[in-house]
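Along the sequence shown, residues carry numbers from 1. Source: prediction; values computed, not measured.
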Amino acid sequence: MYDIDAIYEAKSVSDAVRLRQEHPRAVIIAGGSDVLIKIREGKLAGAELISIYKLDELRGVSMDEDGTLRILPLTSFSHITANALLREHIPVLCEAADVVGGPQVRNIGTIGGNISNGVTSADTASTLHAWDAEVELTGANGVRRLTMREYQVGAGRVDLHPDELLTAILIRRERYEGYFGRYIKYSMRAAMDIATLGCSANVRLSPDRCRIEDMRLAFGVAAPTAIRAHSAEAAARGAAVCGATVDACAAAALQDVSPRTSWRASKEFRLQLTRELTRRALKDAIIRAGGEL
C-alpha cells in the first residue's frame with residue numbers, strides 16, 4: 001500500500017539530528033496525516049522516513065519563566081484544543097486547531113506538521129502569524145529562531161536546513177497579554193475540508209475600550225503562504241472602536257492579499273471573502289476584548 005524505501009526511528013532530538021545528517025533526503029514523519037497521503041498518491045514514492053513520533057520530549061505546552069508560551073511540535077490538534085494554558089491565554093489557537101479535518105485527523109495530526117508542510121491553507125499557520133509566533137529549530141550547529149514569516153518561505157517550502165528539526169513554537173508574553181482574537185475558516189464543507197480562505201484577527205483595546213491600541217491580522221489561502229495584512233493593521237492602530245474602523249480595515253486588507261483562482265474558488269470570490277471575513281473576525285475580536293460595536 002505504501003512505497004517506503006526505509007524508515008528510521010529517532011530515539012531523541014539529538015538522534016533525529018544525526019539521522020537527518022546521515023540521510024539528508026529522508027522525510028520527517030510524525031503523525032503522518034500529510035506524509036502518508038503523499039506516499040500513497042505517489043508523490044513521495046520510495047521515500048526514506050525518519051520517524052519522530054515516539055519523542056515525547058517534543059509533546060506538550062508550557063510557559064517559560066519570562067511568560068513565553070512554548071508549544072512543542074508533536075502536540076496533536078486535540079491536545080492543543082484542550083490545553084489549559086492555551087485556553088487561558090490564546091483560546092483562538094484552540095479554536096483554529098479544532099477546525100482541522102475531523103476527529104481522527106485532530107487526534108493524530110500535529111501542530112508542527114501543520115506549519116512545516118508549507119501549505120497556505122494550514123489553519124494554525126495563519127493563526128500563529130497573527131500572534132507573532134516564532135519557531136525554534138535545532139540542528140547540528142545549535143538552535144536558531146525564526147519568525148513565522150521567515151520560516152514559511154514559499155508555497156510548500158519552509159526554511160528548515162537538511163540537518164534541522166522543528167523543536168518548539170514560541171509566543172512571547174507581550175504578543176498575547178491583553179489581546180483577544182478570532183479565527184474564521186470558510187470552506188466548501190462544514191467539516192473535513194481545507195480552507196477556501198482563513199482569517200485570524202486579534203486586538204488589544206485601550207483601557208476605556210474605545211480605541212484599538214493594536215491589531216494583527218493574518219490570512220491563509222490569500223497568497224502562496226500564510227500572510228499578515230499590514231495595511232489593514234495600520235488602518236486599525238489608534239482608531240476608534242466603531243463600524244467605520246472595521247469597514248476601513250476590511251477594505252485595506254484587499255491591498256495585502258494576492259489570492260488565485262483554483263477549483264475551490266475564484267480569485268474574485270476570495271477577495272470578497274477577504275473583506276467579509278476581516279469584518280467578521282475583527283468585530284468578534286473587539287467584542288471579546290470588551291468593546292462595543
Side-chain angles (χ1 to χ4, degrees), residues 1-61 70-81 83 96-97 100-125 128 133 135-140 143-144 146 148 151-170 192-194 220 225-226:
M1 184 180 296
Y2 295 103
D3 184 1
I4 298 170
D5 187 60
I7 184 165
Y8 310 99
E9 191 169 85
K11 304 295 191 298
S12 63
V13 169
S14 60
D15 190 40
V17 171
R18 176 188 64 81
L19 288 168
R20 292 274 282 160
Q21 290 178 290
E22 294 177 359
H23 308 278
R25 295 186 178 180
V27 177
I28 297 172
I29 184 170
S33 55
D34 288 323
V35 172
L36 291 178
I37 290 172
K38 290 179 180 178
I39 292 174
R40 190 168 185 178
E41 291 176 341
K43 296 176 181 177
L44 289 176
E48 290 184 314
L49 303 178
I50 297 173
S51 174
I52 60 172
Y53 182 74
K54 292 186 178 180
L55 301 188
D56 287 339
E57 62 193 283
L58 293 181
R59 283 188 175 86
V61 180
R70 180 175 292 268
I71 305 168
L72 301 184
L74 294 191
T75 309
S76 70
F77 298 117
S78 296
H79 283 104
I80 292 291
T81 300
N83 183 266
V100 176
Q104 298 93 333
V105 172
R106 293 194 291 270
N107 285 339
I108 194 68
T110 65
I111 190 169
N114 198 226
I115 69 169
S116 294
N117 59 19
V119 299
T120 182
S121 59
D123 295 293
T124 60
L128 290 169
V135 295
E136 177 187 274
L137 309 172
T138 301
V143 176
R144 63 187 181 116
L146 299 175
M148 282 291 293
Y151 186 51
Q152 297 193 311
V153 296
R157 296 185 294 117
V158 294
D159 184 8
L160 188 68
H161 294 173
D163 66 336
E164 285 183 328
L165 195 68
L166 172 65
T167 47
I169 301 163
L170 308 168
M192 293 295 289
D193 200 2
I194 67 172
T225 65

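Every residue two or more places apart in sequence or in another chain that forms a side-chain hydrogen bond (donor to acceptor under 3.5 Å, both in side chains) with S76 is listed here: H79. With sequence neighbours excluded, no residue forms a side-chain hydrogen bond (donor to acceptor under 3.5 Å, both in side chains) with N83. Legend: residues meeting ring-ring contact (aromatic ring centres under 6.0 Å, His included) with H161, ordered by chain and number and at least two apart, are absent.
Looking at T75, its side chain never comes within 3.5 Å of a backbone N or O of R59 through a donor-acceptor pair.
Note on residues 16-46: pairs passing ring pair (Phe, Tyr, Trp, His ring centres under 6.0 Å), not counting sequence neighbours, are Y8-H23. Applying the ring pair (Phe, Tyr, Trp, His ring centres under 6.0 Å) rule to pairs touching residues 39-58 yields nothing, sequence neighbours excluded. Screening residues 14-33 for salt bridge (charged side-chain N to carboxylate O under 4.0 Å, His left out), with sequence neighbours left out, gives D15-R18, R18-E22.
Ion pairing between a basic and an acidic side chain is recognised when a charged N comes within 4.0 Å of a carboxylate O; E136 and R70 show such pairing. A salt bridge does not link D34 to K43: none of the charged side-chain nitrogens sits closer than 4.0 Å to a carboxylate oxygen.
Nearest heavy atoms, T167 versus L72: O-CD2, 3.5 Å. Annotation for E164 and I28: closest pair O-CD1, 4.1 Å, computed over non-hydrogen atoms.
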| said: Please determine whether side chain to side chain donor-acceptor pair (under 3.5 Å) holds for the pair E9 and S51, giving the CA-CA distance in whole Å, both sets of side-chain angles, and the decisive distance to 0.1 Å. | reply: CA-CA 5 Å; E9 191 169 85; S51 174; 4.8 Å; no
| task | Go through L165 and I52 one step at a time and tell me if the side-chain contact (heavy atoms from CB on, under 4.5 Å) criterion holds. | result | CA-CA 10 Å; L165 195 68; I52 60 172; 4.2 Å; yes
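For the pairing with I80, the side-chain contact (heavy atoms from CB on, under 4.5 Å) check across I71, T124, N114 returns one residue only, I71.
L166 has its side chain within reach of I115: a pair of non-hydrogen atoms, C-beta onward, lies under 4.5 Å apart. Two residues are said to be in side-chain contact when any heavy atoms from C-beta on lie closer than 4.5 Å; D56 and L74 fail this criterion.
How far OG of S12 is from NZ of K54: 14.0 Å, rounded to the nearest 0.5 Å.
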